[in-house]
Amino acid sequence: MVQHLRLIIQLIMIVFFIEVADAQEIIYYKDQQHSVIDWEQATKTPEDWMSYERWLDDSKKKESDKYWRVKRINENHREVAGRVLSCVGHCLHYRGTGYSNPDFRSIILEGDDLETRDNSYLWIFLQEGTLVRLAPNSSITFNELDVSKGKNFIYARVNQGLIYWYSRNGNKMDDDNLSETDTIFLPLKWYAANVFKKVQSPVGNEELISVLDDDDTQRQHVARLNNLLKKNNQFFSRPTYTLLVMPNGNIYGKNLQTLLFVNYLKDSFIKCYSTDNGIDGKNEFAFRGYTNLNTSELKVNQWYRVKDSGMEINDFPDGGKVFAFSELLIRRPVSILVARELMLEYYSKELFSPELTAKEMQQKHGYYLWNEANQLEIGKSNEQFTYELDLRIAFLQEYTRRIETTNLVSSSNLDKSFQEAIDNTSSASASASASVERVQGGEVAAVAAVVAGEDLGQFLDTGYNHSYHQLALGNYVETINQRNLEKVITDNRALWMELWLKQHHDQANAVNDETDKKTEKEEEISDANKKAASG
């Protein structure tokens, strides 16, 4: 019995030292625990986790795959996708089964969900430079941010609402003195990104002219942004490829800039913006369907309407009217763009250095470097190793099309069942419900007409209404009015300048008159003296 016990202990020690030797070859990610145990699963279902059958099955998998430890580490690790730049109102940050209220610089990991409630807005900074804006009642999930030495890749799911996706392209902004938009976020908590206005103090006459010069603060702010862009372009030249998944379609493109409105189980709306020839070929829309491999090109600066089934996409000429104010708000968010450049330099400059090795990426920054680490043996030839990230992208395009098709069919069937149950309750209650819906629709149309200055009732079937831009637009209008008031004050100062010049001119004339009179008097005295002398 004792001999058997000693043998068992020796076997355990041998296995332990083999495991330790194997573990010493593993490169762990920054801030990662050196444990491959799924503690979350262990605490959720301890009986299942400790069962003999589970242990036996797990052991067989480990024996058949010498890279099991590397795979498990990669599966359990979640890289930093980005950080919250600013939240206005009530924002929610979901991670696993818990949630929090995000604030400035809150870290977003892969797999996290971000959501806004009524009258709430959110700007998000992603690690490679992409900006994401959420309007009220919007939700997005950041599934992956993958880095290679040739390009970056982001996979995110737009769950619902109005979302602006703004990949960085390094293009300069027009140098003018127009007001910046989306002022509801100002001032930003990244203080250095805000506009630096001139501090005016009491001045004397000699400084009055300089004070009365035209205020070019906004032009200077844009010039500062362009200088930061030029500086950062030296380090951030890799393109970013983005896969945005909606319930009824996928969008894939390079340096993608797009405004999306996703109304769950209803039609979605898309517009892609020009990136100064940054698109590699074209932006693609992928349809829903298990065997539907068709794609459609998304032209820039054109609105599209995607059917709720995900089987059809058409031009939407009225998109410019319906989404006009939301497009206005994202036109010139100068301070947000300045903050992006400052955060890039602070958080990402070292991360995207071309000299970094795969080991340094993992140990120093906590990221897996695609296209270089071959531990997973995804292919036999060097070409397949080279295009490791492309294989991942191709898989996600196929996987998301299939899984989202299943979700869409299931959700549609469930919604149809609920609708039938409601319709069958009674004709009286159905009639009352329809009456309430008509009244509410009329109110929405009335408010939209007031905001837009025209009747938008015909667009109510889009699901989009004034609530997505009302608060932000109101703040922007207030800012414009304030700037106009400052211009009026400047005009008054110009009037003061005119009065001061007139007063200065009058004083100068008075002095000149006194001088002339004195000179004339002196000349008269001189003439009189000359006459007296000659007489």
Side-chain angles (χ1 to χ4, degrees), residues 84-92 101-106 114-125 131-140 161-166 173 176-198 215 217-222 224-225 259-261 320-340 342 443-444 446-454 456 464-490:
V84 171
L85 176 54
S86 183
C87 168
V88 174
H90 186 195
C91 305
L92 294 173
N101 298 115
D103 201 355
F104 171 53
R105 293 203 285 196
S106 293
L114 276 298
E115 180 181 313
T116 54
R117 296 296 173 86
D118 292 340
N119 293 325
S120 303
Y121 301 85
L122 180 64
W123 272 105
I124 297 167
F125 163 82
L131 287 172
V132 185
R133 183 187 189 273
L134 275 65
N137 300 308
S138 301
S139 171
I140 189 170
L162 183 70
I163 290 179
Y164 179 49
W165 190 274
Y166 189 5
M173 178 173 282
D176 51 40
N177 202 29
L178 298 176
S179 297
E180 71 173 297
T181 58
D182 222 6
T183 55
I184 194 171
F185 289 92
L186 304 181
L188 297 173
K189 289 189 177 180
W190 192 290
Y191 297 116
N194 294 299
V195 177
F196 293 107
K197 290 192 175 183
K198 296 178 181 178
D215 183 7
T217 304
Q218 196 60 39
R219 182 178 287 108
Q220 293 175 4
H221 200 37
V222 173
R224 180 181 176 220
L225 168 62
L259 184 62
L260 305 171
F261 178 63
K321 288 184 179 180
V322 178
F323 300 98
F325 290 113
S326 291
E327 289 191 84
L328 171 64
L329 292 169
I330 61 176
R331 188 169 298 170
R332 289 176 56 83
V334 185
S335 296
I336 299 291
L337 299 182
V338 171
R340 191 244 313 261
L342 294 175
E443 290 176 354
V444 171
V447 175
V450 171
V451 174
E454 59 182 74
L456 295 182
Y464 174 85
N465 56 57
H466 70 286
S467 65
Y468 288 95
H469 62 246
Q470 184 183 35
L471 194 64
L473 181 63
N475 184 275
Y476 176 59
V477 170
E478 184 178 343
T479 302
I480 294 296
N481 290 336
Q482 182 62 31
R483 193 175 187 207
N484 291 337
L485 178 60
E486 291 175 358
K487 287 184 177 180
V488 171
I489 294 174
T490 302

Nearest-0.5 Å distance, [atom1] of residue [X] to [atom2] of residue [Y]:
{"X": "Trp123", "Y": "Ile330", "atom1": "CH2", "atom2": "CD1", "value": "7.0 Å"}
{"X": "Tyr468", "Y": "Gln470", "atom1": "OH", "atom2": "CD", "value": "13.0 Å"}
{"X": "Arg117", "Y": "Ser138", "atom1": "CZ", "atom2": "OG", "value": "12.0 Å"}
{"X": "Leu186", "Y": "Ser335", "atom1": "CG", "atom2": "OG", "value": "5.0 Å"}
{"X": "Arg105", "Y": "Phe125", "atom1": "CZ", "atom2": "CZ", "value": "12.0 Å"}
{"X": "Ile124", "Y": "Leu85", "atom1": "CD1", "atom2": "CG", "value": "9.5 Å"}

Is any side-chain heavy atom of [Y] closer than 4.5 Å to one of [X]?
{"X": "Pro102", "Y": "Cys91", "answer": "yes"}
{"X": "Ser326", "Y": "Tyr464", "answer": "yes"}
{"X": "Asn137", "Y": "Asp118", "answer": "yes"}
{"X": "Leu131", "Y": "Leu337", "answer": "yes"}
{"X": "Tyr166", "Y": "Ile336", "answer": "no"}
{"X": "Cys87", "Y": "Tyr121", "answer": "no"}
{"X": "Arg332", "Y": "Val222", "answer": "yes"}

Option from Phe325, Phe261, Phe323 for which ring-ring contact (aromatic ring centres under 6.0 Å, His included) with His469 holds: Phe325
Given Tyr164 and Leu329, is the side-chain contact (heavy atoms from CB on, under 4.5 Å) satisfied, shown in steps? CA-CA 11 Å; Tyr164 179 49; Leu329 292 169; over 6 Å; no
Are Leu178 and Gln218 close enough, and set up right, to give a side-chain contact (heavy atoms from CB on, under 4.5 Å), and what steps lead you there? CA-CA 7 Å; Leu178 298 176; Gln218 196 60 39; 6.0 Å; no
List the residues meeting salt bridge (Lys or Arg N to Asp or Glu O under 4.0 Å) with Arg133, not counting sequence neighbours, and say none if there are none.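 Counting only residues at least two positions away or on another chain, Arg133 forms a salt bridge (Lys or Arg N to Asp or Glu O under 4.0 Å) with Asp182.
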Could you report the tightest heavy-atom contact between [X] and [Y], atom names first, then the distance?
{"X": "Asn475", "Y": "Thr183", "value": "OD1-OG1, 2.6 Å"}
{"X": "Lys189", "Y": "Phe104", "value": "CB-CD2, 3.6 Å"}
{"X": "Thr181", "Y": "Leu328", "value": "CG2-O, 3.4 Å"}
{"X": "Ala339", "Y": "Leu188", "value": "CB-CD1, 3.9 Å"}
{"X": "Leu342", "Y": "Arg224", "value": "CD1-NH2, 4.1 Å"}

Carefully, step by step, assess Thr479 and Ser179 under the rule side-chain contact (heavy atoms from CB on, under 4.5 Å). CA-CA 9 Å; Thr479 302; Ser179 297; 5.8 Å; no
Are Trp165 and Leu260 close enough, and set up right, to give a side-chain contact (heavy atoms from CB on, under 4.5 Å), and what steps lead you there? CA-CA 8 Å; Trp165 190 274; Leu260 305 171; 5.7 Å; no
